[in-house]
*Asks:* 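Here it is, the structure, as structure tokens.
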Amino acid sequence: MSVRTRFAPSPTGFMHVGNLRTALYAYLLAKSQGGRFILRIEDTDQARFVEGAVDVIYQTLARAGLRHDEGPDVGGDYGPYVQSERKGMYSEYAHQLVASGHAYYCFCDKNTDEPAAEDAAPSTGYDGRCSRLSEEEIRRHLEAGAPYVIRQKIDREGVSTYTDLVFGEITIENKVLDDQILLKRDGMPTYNFANVIDDHLMGITHVVRGAEYIPSTPKYNLLYRAFGWEVPQYVHLPLIMGRGEDGQVSKLSKRHGSVSFENLCAEGYLPEAIVNYIALLGWSPKNDREIFSLEELTGIFSVSGLNKAPAVFDYDKLLWMNAEYLKAMTPEEFAAVSLPFAGAVGERFRDRWPLIAALLRQRTGKLDEIPEKIAFFGELPEYGTDFFFNKKSKATPESGKAVLNDLIPVFAGSADWSVEELNRIMSEYAESAGCKLGAVMWPVRIAVSGCMVTPGGPGEIMTILGREESLRRLETARAKLA
RNA sequence: GUCCCUGUCGUCUAGAGGCCUAGGACACCGGGUUUUCAUCCCGGCAACACGGGUUCGAAUCCCGUCGGGGAUGCCA
């Protein structure tokens, strides 16, 4: 049978990287076996409905390159692919379970099973009182139109064991399984129920999801068996952890800040780099290679490379990987991808952007670093004469003054304003003056940029700035040193 | 509290009884190249949580302890 996996996010408005990684592995598992990858929207929690959230899911998947074969937007033979549109089905199946004795009506108030006090021993779940209601009582409640939920009836004797493809055999004592709610008061199914129904109906062969579901999986298995359905294969994924401000690690979530795919992209991390990075968070190709395209990952993915222990999300490594992707781009690609991050200066130097981009490509970790690096092109920053000191180049304000006095007329008289020519002028001067090239370039750099650190050298900067602006800045510096 | 999972450098990991005086990558620290910074080279620091077994031999198997995480929702 061919593999079918699904990604079943809730439309909450953003795509957390942990979720994206789950989607990635589900995609990889299916695609590495020539199977199909399905997108299903789990919007059973109406209170959490967020406008436009489904589009965020489509966009994220598209940008990450995870093309789904079936889903609300692309169709398929197992639709509808949005749970709220399947509402009626769940109710039918739930009542079927009531009829077969695997579930029961519960008329309890929402609060009856909550612990009396916060510091009391945590509740061990619903006490099952409604499962003991007589037929007569049930009928009376129903006829009176009393609101109800449907709960799964669980026999708490013995243990349940199942096999997970990454964690191996898992055994849970049935006494910790509680009579979970299948159908909510509003008629919507809970995640726990809708998941089982849909995974079965959609022919999902491998359920790929976070490890937080490990303890509740026996309850799902009971449901499959109650219906006489085949239990799917399970692939539980180790959780991604984040380090909070207190230094403690915990499940990576909103609490730890902006670790959504969208935010990362907005900071200037490339989608390909993010995908590559998260693929390696909890999975290993079992060799030393680290850079993989999605297609390459598809070719080598195997569940045997999945790790069991939680992994900590590391921005440093992501940043490094992003820089690797940036450096691997062609100058044209980099120019295109960097311009949107360049702000006002980028707009102003649009015609010369390829020149600036060329200087930036080898020294950018993430794209949002760019505005700061190029601000001096737009406006000469304030700087003091102490900037002309540089030990390594043997430069001082005095030497700088001499260099500028000698060089400004030469620059001004040059008909050619190319990088090659400007650099030739400086080299020639250094040679004739018998000093280090750095001693010449340092003051020129300071003069034209007002910065000690710049992308590119003075020749490149002057070319980008143009003759007029360059000479104006050189004069400004000369006046400063006079 | 109870239950489940997990435990190799700070972080991501390789390692599936001898190939391990434990390999790679990020970060960090040195050095070199370079017109600044960076890139790029070269080098360094740094781990098998602990205690018992099993075995000729354990990072690898078993048990316990401790640590970490998760579950315990009419959220998913």
Side-chain angles (χ1 to χ4, degrees), chain A residues 8-10 12 19 42-45 47-48 106 108 110 113-114 120-125 147-151 164 167-168 170-173 175-178 180-186 188-192 194-195 209-218 236 238-239 241 243 248-251 277 280-291 304-305 307-321 323 327 359-365 373 390 392-393 395 423 426-427 430 436-442 444-446 449 451-460:
Chain A
S10 279
T12 57
N19 279 136
E42 308 222 327
D43 59 346
T44 55
D45 184 1
R48 286 214 283 178
C106 172
C108 289
K110 270 193 184 185
D113 55 345
E114 278 179 16
S123 94
T124 45
Y148 64 85
V149 298
I150 291 181
R151 285 184 185 271
D164 179 90
F167 286 89
I170 310 252
T171 298
I172 310 258
E173 293 177 89
K175 67 180 181 195
V176 303
L177 270 25
D178 70 322
Q180 65 175 347
I181 290 173
L182 268 19
L183 209 64
K184 297 186 260 192
R185 192 171 292 232
D186 65 2
M188 277 291 195
T190 56
Y191 161 88
N192 306 299
N195 230 259
R209 52 152 77 127
E212 65 266 35
Y213 295 105
I214 288 177
S216 50
T217 297
H236 284 105
L239 265 17
M241 314 298 288
R243 202 175 293 279
Q248 297 295 306
V249 296
S250 61
K251 193 171 159 183
Y277 174 70
L280 263 25
L281 243 197
W283 175 81
S284 166
K286 298 185 186 282
N287 58 43
D288 292 341
R289 193 171 156 197
E290 300 200 279
I291 304 295
S304 72
N307 222 58
K308 294 178 186 159
V312 178
F313 189 91
D314 181 11
Y315 280 97
D316 282 334
K317 185 108 188 206
L318 206 214
L319 187 64
W320 165 79
M321 191 168 279
K327 282 183 282 193
L359 305 179
L360 256 15
R361 191 164 59 104
Q362 300 297 112
R363 60 192 91 215
T364 302
K373 288 185 196 292
N390 183 277
K392 200 174 155 196
S393 298
N423 281 341
M426 288 185 276
S427 301
K436 289 185 68 169
L437 184 56
V440 177
M441 291 206 166
W442 184 262
V444 178
R445 172 200 310 281
I446 298 299
S449 71
C451 300
M452 297 209 232
V453 174
T454 60
E460 286 90 353

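Note on naming: letters A, B, ... go to the chains in the order of the sequence lines (proteins, then strands), and numbering restarts at 1 for each one. What you see is a predicted model, and the numbers here were worked out from it, not measured in a lab.
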*Asks:* If B:C28 has a Watson-Crick or G-U wobble mate with both distances under 3.5 Å, name it; if not, just say none.
*Replies:* B:G44
*Asks:* Rounded to the nearest angstrom, tell me the gap between atom CZ in A:Arg289 and atom C1' in B:C12.
*Replies:* 17 Å
*Asks:* Given that both distances must come in under 3.5 Å, which nucleotide forms a Watson-Crick or G-U wobble pair with B:G7?
*Replies:* B:C66
*Asks:* In whole Å, I'd like the distance from the CZ atom of A:Arg185 to the P atom of B:C74.
*Replies:* 11 Å
*Asks:* Is there a Watson-Crick or G-U wobble partner for B:G57 with both distances under 3.5 Å, and which nucleotide is it?
*Replies:* none
*Asks:* According to the Watson-Crick and G-U wobble definitions, with both distances under 3.5 Å, which nucleotide is paired to B:G1?
*Replies:* B:U72
*Asks:* Answer yes or no: side-chain N or O of A:Lys317 and base N or O of B:A25 forming a donor-acceptor pair under 3.5 Å.
*Replies:* yes
*Asks:* Go through B:U36, B:A76, B:A71 for me and flag the one nearest to the A:Tyr213 side chain.
*Replies:* B:A76
*Asks:* I need the minimum non-hydrogen distance between A:Asp43 and A:Met188, along with the two atoms involved.
*Replies:* O-CE, 4.5 Å
*Asks:* Rounded to whole angstroms, how far apart are CH2 on A:Trp283 and C1' on B:U13?
*Replies:* 12 Å
*Asks:* Looking at A:Pro455 and A:Leu360, what are the two nearest heavy atoms and their distance?
*Replies:* CB-CD1, 3.7 Å
*Asks:* Between B:U39 and A:Arg363, counting only base atoms on the nucleotide and side-chain atoms on the residue, is there a donor-acceptor pair under 3.5 Å?
*Replies:* no
*Asks:* Where do N or O atoms of nucleotides 59-69 of chain B meet protein N or O atoms at under 3.5 Å, pair by pair?
*Replies:*
unit_1: B:G69; atom_1: OP1; unit_2: A:Val249; atom_2: O; d: 2.8

*Asks:* Kindly write out the residues that satisfy ring pair (Phe, Tyr, Trp, His ring centres under 6.0 Å) with A:Trp283, not counting sequence neighbours, or none if the list is empty.
*Replies:* A:Phe301
